[in-house]
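Worksheet: one structure, shown below.
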Amino acid sequence: MAKELAKTYDPSGIEDRLYQKWLDKKYFHAEVDESKKPFTIVIPPPNITGQLHMGHALDNTLQDILIRFKRMQGYNALWQPGTDHASIATEVKIIEKLKEEGIRKEDLGREGFLERAWAWRKEYGGRIVSQLKKMGSSCDWDRERFTMDEGCNKAVNEVFVKMYKKGYIYKGSRIINWCPVCNTSISDAEVEYQEQAGHFWHIKYPILNDDDTESGEYLIFATTRPETMLGDTAVAVHPEDERYKHLIGKNLMLPLMNRKIPIVADEYVDREFGTGVVKITPGHDPNDFEVGKRHDLPIINIMNDNATINANGGKYEGMDRYEAREAIVKELDAMGLLVKIEDHVHNVGTHDRCKTTVEPLVKAQWFVKMDELIKPAQKAVREGEIRLVPESMQKTYFNWTDNIRDWCISRQLWWGHRIPAYYCDKCGETVVAKAAPEKCPKCGETHFTQDPDTLDTWFSSALWPFSTLGWPEQTKELKYFYPTDVLVTGYDIIFFWVIRMIFSGYEQMGEKPFKTVLFHGLVRDDKGRKMSKSLGNGIDPLEIIKQYGADALRLTLVTGNAPGNDMRFYYEKVEANRNFANKIWNASRFIMMNMEETQPTKPEAADLKPADHWITSRVNRLIKDVTENMEKYELGVAVQKIYDFIWDEFCDWYIEMVKPRLYAKDDAKSRNAALYTLKTVLIDALKLLHPYMPFVTEEIFCTLQDEEESIMVSDWPVYDEARNFAKEETEIETIKEAIRGIRNVRTEMNVPPSKKAQVFVVSDSEEKRGVFTGNNDFFKALAYASEVIVQADKSGIADDAVSVVIAHVNIYMPLGDLVDLEKELERLKKEEQRLEGELKRVNGMLSNEKFVSKAPEAKIAEEKAKLEKYTKMMEQVKAQIANLAK
RNA sequence: GGGCUCAUAGCACAGCUGGGAUGUGCGUCCGCUUCACGUGCGGAAGGUCACAGGUUCGAGCCCUGUUGGGCCCACCA
């Protein structure tokens with residue numbers, strides 16, 4: 001006996017209950033099972049600092065759709081979840097919190113700070129997970145991992161030591177990006193360039209004679225960062241520059257510091273730009289650093305880690321970089337060395353986390369050498385071993401891999417994987433090992449100090465596809481679930497994450513980490529702007545779920561969107577999708593109300609009507625299309641088809657067609673056949689929809705079946721040739737066309753629905769007449785007919801009856817006074833015109849010799865059929881016009 | 001400077017390997033208390049598929065160029 005369903009679908013309450021049921025039944029859990037084929041997705045681990053935002057919502061919806069789809073198809077589906085320690089993001093957050101308590105991280109010391117950090121993780125780390133659950137994500141939570149858990153740490157150490165031994169990891173002094181606020185180095189990828197209004201300070205340095213006396217001549221140049229002059233060790237000009245050629249090799253006096261510096265020649269200088277003279281500060285500018293190397297210039301570091309001037313800055317020691325800038329400009333001006341100041345807009349590198357202007361500094365850091373490592377990653381994508389969806393992302397991918405630079409992996413932070421390098425307290429020997437060494441291999445000393453730095457967050461994320469499956473242990477999970485099948489992620493982290501996982505997979509596992517990468521875009525606000533904290537235009541997915549339900553949100557995020565494209569978020573769209581959930585709910589409710597007394601049984605073939613075959617054939621086709629689309633990751637296209645099928649074909653047509661049979665209780669067999677078809681087609685549609693809208697579909701499925709079984713572990717529908725009914729499809733299409741024509745005419749004539757009329761169906765084709773007599777039950781109802789009369793000719797039909805012309809059939813409705821003959825004539829003339837156009841087009845094509853000789857036969861046949869159809873329709877319309885004119 | 005990407009109805013978007021602009025949501029107009037749903041039903045209006053060439057029997061889709069958005073990388077001091 002079917003349960004009673006509420007009149008409108010209310011997701012609140014239902015969703016949590018169903019999710020709990022799925023958890024209790026362990027449906028999300030996957031165990032290694034050699035008898036089944038695995039299908040694996042590893043989650044892009046959200047930051048433990050994170051709050052669920054629309055980006056997560058989209059990312060996780062896509063993954064959940066794929067995993068539920070494959071699970072229903074019979075795969076052993078594993079969605080491996082976990083979270084990321086997000087070193088900088090988290091450390092910044094904790095420091096902020098400490099600040100509220102008036103504590104600096106140094107006060108706590110490393111141990112104390114880490115204690116706080118772990119406590120923080122314990123308190124907030126689970127928040128994002130519980131939020132993902134609200135989305136309906138079917139992750140195997142029993143396998144939840146954390147990028148800094150014991151296993152991941154083991155994997156990190158293993159990789160670090162191995163790559164160090166291979167020479168892929170090295171320590172070197174390089175100019176790196178330094179964030180003076182976070183007090184750490186950051187990688188190139190973490191630098192964000194911002195346009196800022198600044199100044200060009202034009203400054204001149206005195207040129208020295210060979211005997212070091214001032215020549216009275218000057219070299220003028222411009223700089224945006226005058227304070228760096230304290231660290232200048234040269235001035236460069238272009239070797240071919242006629243203006244300065246004679247000065248090359250001479251020296252200048254660096255003002256304020258009173259240091260003699262050379263004039264060097266370097267191709268790097270652009271003669272066209274400014275005065276064609278560049279001051280060289282190898283310690284504080286990446287380009288200058290390179291110039292310095294070429295000319296063997298000394299590197300002078302004038303800055304402390306907090307961006308104040310150090311002892312090398314002479315009397316400016318202790319000043320902040322901007323304070324020093326002001327003081328220096330003032331003094332140069334006083335000395336008459338400041339030529340002019342210009343306004344200048346330029347790009348300034350800032351730290352993407354805290355927006356502080358980064359300071360290029362020369363520091364000893366750990367790097368990963370990329371030139372060899374990247375090769376298999378390039379090859380894999382080039383040769384199709386790894387597929388990127390959409391394919392156009394390959395271009396971005398190669399743009400990155402082709403220009404790759406060594407990866408700075410050390411961070412001067414405490415929260416993260418500590419670098420497994422140990423320095424001998426006595427002789428300073430470096431030992432890289434998974435654990436602290438017993439004694440120094442060089443001097444035998446037993447005391448070591450571990451490198452204080454930690455690793456870039458992405459170092460552990462790069463190992464995620466295999467570290468989560470147990471690597472470096474050779475677990476059965478690793479053997480079974482690796483390589484994973486799909487990675488779903490935003491195109492914005494191709495470089496940060498995707499590329500690094502790929503080369504790490506090949507290097508550590510000797511195998512790709514995943515077969516396909518499905519990219520999605522950004523979720524923007526309704527004006528197309530990025531959602532951001534600073535703009536305050538972010539929309540909280542949890543709020544949407546509360547208001548409209550998770551299903552409506554999920555559908556909103558995937559419909560009408562192609563892979564890799566950005567999308568805009570509209571409340572109206574969510575509302576529309578909420579309405580869709582309600583629509584299915586009510587259709588199901590209707591079916592169940594009609595099944596209250598008896599459950600339908602499988603009908604005899606003879607009891608099935610054309611309409612039943614039609615909808616069966618349609619859903620069968622839908623199964624094929626949707627499955628194909630989903631296999632190709634065309635998730636938005638697939639769900640659009642399901643939506644259209646359910647709303648238009650199933651609800652607006654089939655249910656309406658079947659109503660007369662449900663209400664007429666005298667023909668039990670026909671009623672049973674209709675109910676059976678309603679139920680089976682609905683179940684098929686629900687199954688197809690389930691990956692997208694897991695909650696409503698489950699609730700209805702369970703109520704409909706009246707059992708505890710779950711749709712999420714039911715079998716995915718399979719296309720079945722035996723459920724194809726081409727003849728009935730054409731038949732029903734004819735009836736639909738007739739009904740649409742009748743409705744159309746009636747609306748145009750302002751005939752109220754309550755006013756029923758006789759409907760004459762005239763056709764010289766016996767077959768066509770059969771179609772109408774065979775479907776009379778619903779045709780009569782949907783055509784607002786008081787009576788349907790099917791006959792071979794026009795006898796007995798009033799001359800002023802309104803006519804509807806469809807292919808091979810003429811329909812007449814004697815509406816008497818309700819019809820304005822003038823208007824009717826006008827309508828027919830319009831129809832005549834339309835047909836004329838159609839005929840012209842078809843004839844044009846068919847009389848084109850080139851078309852007939854070159855186009856495929858099927859296409860030609862199609863056009864010929866149309867020609868015949870339109871010709872016939874034209875004859876009828878012309879006859880009717882002549883008739884009315886009488 | 002280099003690369004990528006987009007331009008389709010008033011708005012936001014789909015449109016698979018080229019075959020009548022096929023379509024969705026919102027909006028607009030007209031009509032409907034039809035016993036599942038007004039979170040609904042029926043009907044309608046609205047598009048030179050940015051522009052200019054080309055390939056083709058045939059182009060929204062392929063090629064070239066132009067214009068105008070967006071993104072990424074580089075960072076000329």
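Below, chains carry the letters A, B, ... as their sequence lines are ordered, and counting in each starts from 1.
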Self-check item: Any A:Trp647 side-chain nitrogen or oxygen under 4.0 Å from OP1 or OP2 of B:C41
Solution: yes

Separation of B:C72 atom P from A:Ile494 atom CD1, nearest Å, is 12 Å

B:C49 and B:U8, which share atom name P, separated by this distance in whole Å:
11 Å

Whole-Å distance, A:Arg743 CZ to B:C30 P, equals 21 Å

For this session: Scan A:Tyr663 against the nucleic acid and name what it touches under 4.0 Å (heavy atoms): base, sugar-phosphate only, or nothing.
Result: sugar-phosphate

Got a donor-acceptor contact below 3.5 angstrom from the A:Trp585 side chain to the A:Ala6 backbone?
yes

Main chain of A:Gly844, side chain of A:Asn848: is a donor-acceptor contact present, judged purely on distance under 3.5 Å? no

Indicate, with a heavy-atom threshold strictly under 4.0 Å, whether A:Tyr643 touches base, sugar-phosphate, or nothing.
-> sugar-phosphate

key: Salt-bridge present (A:Arg225, A:Glu359; N to O < 4.0 Å)   = yes

Rounded to whole Å, CG of A:Asp288 lies from P of B:A77 at a distance of 11 Å

* State whether A:Tyr643 and A:Lys583 meet the cation-pi test: NZ (Lys) or CZ (Arg) under 6.0 Å from the six-membered ring centroid, and within 45° of the perpendicular axis. => no

**Prompt:** So what does A:Lys632 touch, heavy atoms closer than 4.0 Å: a base, only the sugar-phosphate, or nothing?
**Reply:** sugar-phosphate

Margin query: So does A:Arg529 get a backbone contact from the side chain of A:Arg524, meaning a donor-acceptor N/O pair under 3.5 Å?
Written below: no

At 4.0 Å (heavy atoms only), tell me whether A:Ala576 reaches a base, stays on the sugar-phosphate, or touches nothing. sugar-phosphate

Please determine whether a side-chain nitrogen or oxygen atom of A:His344 lies at a distance below 4.0 Å from atom OP1 or OP2 of B:A77. yes

- Would you say B:A36 has OP1 or OP2 under 4.0 Å from some side-chain N or O of A:Lys659? yes

Checklist entry - What is the nucleic acid contact for A:Arg271, judged by heavy atoms within less than 4.0 Å: base, sugar-phosphate only, or nothing? => result nothing

When all nucleic acid strands are considered with a 4.0 Å heavy-atom cut-off, which category describes A:Asp652: base, sugar-phosphate, or nothing? sugar-phosphate

Donor-acceptor pair present, A:Lys583 side chain and B:C37 base, under 3.5 Å | yes

query = Base, sugar-phosphate, or nothing for A:Pro856, non-hydrogen atoms under 4.0 angstrom?
reply = base

| query | Is the phosphate of B:G42, meaning OP1 or OP2, less than 4.0 Å from a side-chain N or O of A:Arg746? | reply | no

Atom OH of A:Tyr784 and atom P of B:C41 are separated, to the nearest Å, by 13 Å

ask   = Which whole number of Å gives the distance between the C1' atom of B:G31 and that of B:C71?
value = 47 Å

In plain terms, say whether A:Glu836 and A:Lys840 are close enough for a salt bridge, that is, a side-chain N and a carboxylate O under 4.0 Å apart. no

| query | Which part of the nucleic acid does A:Trp201 contact within heavy-atom distance under 4.0 Å: base, sugar-phosphate only, or nothing? | reply | nothing

| task | Would you classify A:Asn403 as touching base, sugar-phosphate or nothing, given that sugar-phosphate means primed atoms plus P, OP1 and OP2, and contacts are heavy atoms under 4.0 Å? | result | nothing

5'-most contact on RNA chain B (nearest-nucleotide basis), A:Lys641 vs A:Glu863, goes to A:Lys641

Check whether any side-chain nitrogen or oxygen of A:Asn579 sits under 4.0 Å from OP1 or OP2 of B:G40, and answer yes or no. yes

Taking B:G42, B:U39, B:A36 as options, the one with an atom nearest any side-chain atom of A:Thr747 is B:G42

* Which part of the nucleic acid does A:Trp400 contact within heavy-atom distance under 4.0 Å: base, sugar-phosphate only, or nothing? -> sugar-phosphate

Out of B:U24, B:A77, B:G19, minimum distance to the side chain of A:Asp270 belongs to B:A77

- Task: Describe the nucleic acid contact of A:Asn744 in one word from base, sugar-phosphate, nothing, applying a heavy-atom distance below 4.0 Å.
- Result: sugar-phosphate

| Which is true for A:Glu656 with a 4.0 Å heavy-atom rule: it touches a base, it touches only sugar-phosphate, or it touches nothing? | base

Which is true for A:Asn848 with a 4.0 Å heavy-atom rule: it touches a base, it touches only sugar-phosphate, or it touches nothing?
-> sugar-phosphate

Nearest-nucleotide check on RNA chain B, A:Arg841 vs A:Thr559; residue mapping nearer the 5' end is A:Thr559

From CD of A:Glu572 across to C1' of B:C13 the rounded distance in Å is 14 Å

Using a cut-off of strictly less than 4.0 Å, decide whether A:Tyr570 has a side-chain nitrogen or oxygen near OP1 or OP2 of B:U24.
-> no

- Task: May I ask you to say whether A:Glu863 pairs ionically with A:Arg841, meaning some side-chain N is under 4.0 Å from a carboxylate O?
- Result: yes

ask   = Does A:Glu628 pair with A:Lys632 as a salt bridge, N-O distance under 4.0 Å?
value = no

note: A:Glu192, atom CD; B:C71, atom P; distance rounded to Å ~ 12 Å

note: A:Tyr654, atom OH; B:C37, atom P; distance rounded to Å ~ 20 Å

In RNA chain B, consecutive runs of at least three Watson-Crick or G-U pairs below 3.5 Å, as range with range, amount to B:1-7 with B:67-73, B:10-14 with B:22-26, B:28-32 with B:40-44, B:50-54 with B:62-66

Answer with yes or no whether A:Asn399 presents, from its side chain, a donor or acceptor under 3.5 Å of a partner atom in the base of B:C73. no

Point to revise | A:Leu689 vs A:Phe580, side-chain contact (heavy atoms from CB on, under 4.5 Å): CA-CA, chis, key distance, verdict | key: CA-CA 12 Å; A:Leu689 186 61; A:Phe580 178 55; 4.0 Å; yes

Under 4.0 Å between any heavy atoms, over every strand shown, what does A:Lys7 touch: base, sugar-phosphate, or nothing? Just pick one.
sugar-phosphate

In whole angstroms, the gap separating C1' of B:C11 from CZ of A:Arg524 amounts to 17 Å

Got a salt bridge between A:Arg243 and A:Asp241, using NZ or NE/NH1/NH2 to carboxylate O under 4.0 Å? yes

